[in-house]
Amino acid sequence: MTEDDRFTLSDLHAMLATAGVAPELLRGDGGLPLEALGVDSIVYLVVQLDLHERYGVTLSSHDAPLARTAADVVDHVNALLSGQGRERT
């Protein structure tokens, strides 16, 4: 996977903003818990669908415990993209 193929925190922030998370919460290094950003099950579902459409990655509900912060989500998606995670469609 090249640097251009990597999923970034900016990519995730754009998805979260589209899903309704307040832009002022989407600052920093991604270390805040997703709940503190206002990510609920609906927002998580929107992000799951967006990841599948744009990147061919399936982020399942079983992955939720692995993704406590935005930075965790980015790391997990990049692991999936590089073939080190569980699922890629």
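We're numbering straight along the sequence, starting at 1. Just so it is clear, the structure is predicted and the values come from calculations on it, not from any experiment.
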Output the distance between atom [atom1] ([X]) and atom [atom2] ([Y]), rounded to the nearest 0.5 Å.
X   : Y   : atom1 : atom2 : answer
E35 : R68 : CD    : CZ    : 9.0 Å
H76 : F7  : NE2   : CZ    : 11.5 Å
D29 : L9  : CG    : CG    : 8.0 Å
R27 : L37 : CZ    : CG    : 12.0 Å
Q48 : S60 : CD    : OG    : 7.5 Å

Q | Closest heavy-atom pair and its distance - A67, L34 | A | O-CD1, 3.1 Å

Q | Nearest heavy-atom neighbours spanning V43 and D40 | A |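 Shortest heavy-atom contact: N-OD1, 2.9 Å.
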
**Q.** Any donor-acceptor pair under 3.5 Å from N78 side chain to R6 backbone
**A.** no

Q | Steps toward side chain to side chain contact (heavy atoms under 4.5 Å, CB included) verdict (V73, T69) | A | CA-CA 7 Å; V73 173; T69 67; over 6 Å; no

**Q.** Given L59, D11, L80, the one that forms side-chain contact (heavy atoms from CB on, under 4.5 Å) with L51
**A.** L59

Q. How far apart are the C-alpha atoms of V21 and L26, what are their side-chain angles, what is the distance that settles it, and do they pass the side chain to side chain contact (heavy atoms under 4.5 Å, CB included) test?
A. CA-CA 8 Å; V21 173; L26 300 174; 3.7 Å; yes

**Q.** Any side-chain heavy-atom pair of V57 and L81 under 4.5 Å
**A.**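 Sidechains of L81 and V57: in contact.
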
Q. Under a 4.5 Å side-chain heavy-atom rule over Ile, Leu, Val, Met, Phe, Trp and Tyr, are Y55 and V46 clustered together?
A.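 Unlinked, Y55 and V46 end up in two clusters.
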
